[in-house]
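Notes follow the structure.
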Amino acid sequence: MTRRFGLAPVLPAPALLTLALVAVALPPRGARAQPAASESAITVGSPTPRWVEPLDVPATTPDGEGGYEDLLTQIALRPGPREGLRFVRRAYHVRNASGVQEASELEVAVAADETLAWHYARVRRGGGVTDRLHDAGQLRVIQPETRRDEGLYDESRHVVLTLEDVRAGDVIEYAYTIRRDLSLFGDRYIEHESFPVGYSRRVRLDATWPTSRPVRARLRAVDPTWVLRDEPGAVRIEAVATEPPAMVEDAPGWAPQRPAIELSEFGTWADVAAWAAEAYAPAAAEPTPAGVPLERFRAAGDGPRPARAALEFVQDEVRYLGLEMGEHALVPHLPSEVVARRFGDCKDKARLLVTILDALGVEAAVALVHTRRGRDLDEALPSPYAFNHAIVVAEIDGRSVWLDPTRAAERGPIGERPPVVFGRGLRIRPGASLEPIPVATPTEPLVDIEQRFDLMRNRPRMAIRTTYRGAEATDVRAALQAFGASEIGETSHEFLSERTGMTLSVADPLTVEDDEEHNVLRIVETYLVADFWGTAGADLTPWAVMSRLPSADAHRGDLPLAIDHPVFVRHRVEVRDPNGWQMRPGSTDLSALPLVIHRQVEVEDTRLAITVTLESRADHVPAAEVSAFARALDASATQLEYGVTNDPEHMAPEPTAAPSEVGFACVGVVLLLALGAGLRMAYLAWRRRTRRVRHQRAATPRPGESPETALEAADLEAARAAHRGFSCCGAALDPADWARARYGEETIAVASATCAECGERHRAHYRLGS
């Protein structure tokens, strides 16, 4: 069940008034244009509803920026006897020729179960007003099929009005009402409307209903100061000249960012489940359709194997495609139709799988979920609008197993499939309530990389063996099916060459080992290495771990930070060199909760190995802890950078120096400055080239540069005092950001600061006493 509810909201956009006002000169490619007269569901010129309160349009400000000025957005919501009503009124001021180009066409989206009454489209010029809606010849109806790329087709239409004779200085105002059929919901009123705060100079949303109807309202992410009216039967939200909230991509989907209102006459989640059971009833009553190879499933083996065979049949042999026409926007097609067509959307595939499992004697039910909202549903009003996807929950070996029939290329025992990470689900069965969907912590790495450099040969080699498990194996398997091993190999070759900075040539073709029984997939690659050492050493940073670390650089402080979960990555880099290694082994815990990071350095004669693991423990960082998490993560990421060099000038350990003499990795800058700007620029370029070479073969790191050479400090205050002596480019590296990390049994304080002169990021480590 894909989200197709309320396809005609008014959503603001900084450049175009999306859905309500866009520049559409011609129907989109693939759109079907129809005469307006053929659309009995569209009426033109009907009067404005009497239940809508008139509002004054704000005065214009012609000297502002942009092609047009968005003056007013008014939305009014109201239930009818068997319909939901949404009134929309917009007004904007055309400032210049650019505004004329952008704002001369009006477009309204109308869903398949909706009708449109367009009240007026007025142009105010000087002291006069003309209604341009009478010219029906400029009104067109198109079916753009905007969701075709998602594999979904519906009967939604866009009604487009082309305005004639629009000039700079005009004020354009229009209004319409959308009527949505509620019969599929048992005539119960439901609505979910985003509140377009911040773009119009004045925005108002009114929701009213008879107090005799059991409508409930919930506001999401709305500043309490905006609520002007909240009483039985009415809610009003108004904002005047309000800045739009900053939308960020790194917040969890369940953390609401855009103001919205929910309205619902469903009393409980059990009511929603009962509604869904009735909608799915025709499919449930149908026997197992012809064309389903039940005997093949039964022959797959004992226990849960027949259920696994049935799941893979629906996943792989019934392609994802939705024809969401009429009632089938909400009601699944009969399993017999789905099997005959060999395609269906999520609700079609889920209902088919439940039908097959029932024939195999496996208890199962369709479950409704939302792909992003997750735990936000705990606070949501019970409503079919709370969901946008359908999956299956089956009883396997005495426990509930959540399955997604829309996943392709998924393998492994049915009880050990990759978890569905939708957070909450509602089974379609009597008396059901919203329930959490568990996510098991993986016991083995989902991505396990063994990267080995062999310098013992005349021609050095790099071999990479990557093992994928769970959802990672499913994704890679799907990519191999879509693109082939050859193209995947070319992409990997390009990535590794860029990431390592080495000249790599393919020694052996990429090989794939796919253990579908256990959902484990391995890829092996072998390359010849022409320049392992390069000019500034070899970078051995574990890129597989680094690429999974989140960033909080553009994060909003009032929102939690999303973390990919579950994640379990292990990256081991091993180098065999005939000259041997004189580096110190050790292990470091670089955790930044909810991420657990561990690094192990092993040195044995000619072998150096750096192993880093990354595991997630939760799917987010609470808003109050994001700043501390970002500091800890920054310190951890620095410790993951690892490089080696064979420069003979660095073969001897450097003498230990007091902090004030170290200069924090910029020793000699003053002397270089004295030699002139040319040498100084050369020095800075060299620093940029070698900033990742943190560890040198047969050389001891400078005091304080790494956890292994951490400076001693009694406590954090003593560390802060000692750090005031550090400098770069003649300037003190203070103030600094501080974080704590575990190094074996020791506590390390890490100071991070950026040199204002050269832009280099520096860190100093202090071993804190007990």
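Residue indices begin at 1 and follow the sequence shown. This is a predicted model, so every value here is computed, not measured.
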Output the distance between atom [atom1] ([X]) and atom [atom2] ([Y]), rounded to the nearest 0.5 Å.
{"X": "Ile523", "Y": "Tyr468", "atom1": "CD1", "atom2": "OH", "value": "5.0 Å"}
{"X": "Asp475", "Y": "Arg407", "atom1": "CG", "atom2": "CZ", "value": "8.5 Å"}
{"X": "Ile563", "Y": "Asp619", "atom1": "CD1", "atom2": "CG", "value": "8.5 Å"}
{"X": "Leu377", "Y": "Leu434", "atom1": "CG", "atom2": "CG", "value": "5.5 Å"}
{"X": "Ile610", "Y": "Gln451", "atom1": "CD1", "atom2": "CD", "value": "9.5 Å"}
{"X": "Arg767", "Y": "Glu712", "atom1": "CZ", "atom2": "CD", "value": "4.5 Å"}

Check: His370 ring centroid to Phe422 ring centroid under 6.0 Å: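 Here the rings of Phe422 and His370 have centres that are no less than 6.0 Å from each other.
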
Phe495 ring center near Trp543 ring center (under 6.0 Å):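 Yes; Trp543 has its ring centre under 6.0 Å from that of Phe495.
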
Mark yes when over 12 heavy atoms from residues, nucleotides or ligands other than [X] sit less than 6.0 Å from its [atom1]; otherwise mark no.
{"X": "Glu379", "atom1": "CD", "value": "no"}
{"X": "Arg617", "atom1": "CZ", "value": "yes"}
{"X": "Glu494", "atom1": "CD", "value": "no"}
{"X": "Arg452", "atom1": "CZ", "value": "no"}

Which atom of [X] lies closest to which atom of [Y], heavy atoms considered:
{"X": "Leu595", "Y": "Phe629", "value": "CD1-CZ, 4.1 Å"}
{"X": "Pro566", "Y": "Pro419", "value": "CG-CG, 4.2 Å"}
{"X": "Leu561", "Y": "Ser551", "value": "CD1-O, 3.9 Å"}
{"X": "Arg218", "Y": "Ala380", "value": "NH1-CA, 3.4 Å"}
{"X": "Thr474", "Y": "Pro418", "value": "OG1-CG, 4.0 Å"}

Any residue meeting salt bridge (Lys or Arg N to Asp or Glu O under 4.0 Å) with Glu602, in chain and number order, not counting sequence neighbours: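 So Glu602 forms a salt bridge (Lys or Arg N to Asp or Glu O under 4.0 Å) with Arg572.
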
Arg220: salt bridge (Lys or Arg N to Asp or Glu O under 4.0 Å) partners, not counting sequence neighbours: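 Checked Arg220 against salt bridge (Lys or Arg N to Asp or Glu O under 4.0 Å); matches are Glu262, Asp376.
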
Is the side chain of [X] donor-acceptor paired with the backbone N or O of [Y] at a distance under 3.5 Å, no angle test?
{"X": "Thr541", "Y": "Tyr642", "result": "yes"}
{"X": "Asp715", "Y": "Ala718", "result": "yes"}
{"X": "His723", "Y": "Ala764", "result": "no"}
{"X": "Arg417", "Y": "Glu410", "result": "yes"}
{"X": "Arg599", "Y": "Leu590", "result": "no"}

Cationic tip of Arg373 above Trp254 ring, under 6.0 Å, 45° of axis: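 Not satisfied by the 6.0 Å and 45° rule.
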
Parallel, tilted or perpendicular: ring planes of Phe195 versus Trp226, cut at 30 and 60 degrees: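 Phe195 vs Trp226 ring planes: tilted.
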
Derivation and outcome, side chain to side chain contact (heavy atoms under 4.5 Å, CB included), residues Glu435 and Arg424: CA-CA 6 Å; Glu435 57 185 299; Arg424 301 292 185 270; over 6 Å; no

Please examine the side chains of [Y] and [X], heavy atoms only from C-beta on, and report whether any two atoms are closer than 4.5 Å.
{"X": "Ile597", "Y": "Val612", "value": "yes"}
{"X": "Arg469", "Y": "Pro445", "value": "yes"}
{"X": "Val529", "Y": "Thr503", "value": "no"}
{"X": "Leu633", "Y": "Leu549", "value": "yes"}
{"X": "Ile391", "Y": "Val420", "value": "yes"}
{"X": "Val248", "Y": "Gln257", "value": "yes"}
{"X": "Met462", "Y": "Thr526", "value": "no"}
{"X": "Phe453", "Y": "Glu574", "value": "no"}

Using a distance-only test with no angle check, is there a side-chain donor-acceptor pair under 3.5 angstrom linking [X] and [Y]?
{"X": "Glu525", "Y": "Ser492", "value": "yes"}
{"X": "His571", "Y": "Asp448", "value": "no"}
{"X": "Arg477", "Y": "Asn519", "value": "yes"}
{"X": "Asp539", "Y": "Thr500", "value": "no"}

Trp581/Val644 under side chain to side chain contact (heavy atoms under 4.5 Å, CB included): CA gap, chis, key distance, verdict: CA-CA 10 Å; Trp581 304 91; Val644 292; 4.0 Å; yes

Glu444 bridged to Arg570 by N-O distance under 4.0 Å: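 Here Glu444 does not pair with Arg570 in a salt bridge, since their nearest N and O are not under 4.0 Å apart.
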
Carboxylate-amine/guanidinium proximity below 4.0 Å for Arg548 and Glu472: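 Yes, this pair counts.
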
Candidate pair Leu716 and Tyr766, rule side chain to side chain contact (heavy atoms under 4.5 Å, CB included), full reasoning: CA-CA 8 Å; Leu716 183 59; Tyr766 296 87; over 6 Å; no

Pairs flagged by side chain to side chain donor-acceptor pair (under 3.5 Å) wherever residues 554-568 is involved - sequence neighbours left out: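 Residue pairs with at least one partner in residues 554-568: Asp250-His555, Arg556-Asp558, His565-Ser616.
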
Candidate pair Thr443 and Thr441, rule side chain to side chain contact (heavy atoms under 4.5 Å, CB included), full reasoning: CA-CA 6 Å; Thr443 57; Thr441 301; over 6 Å; no

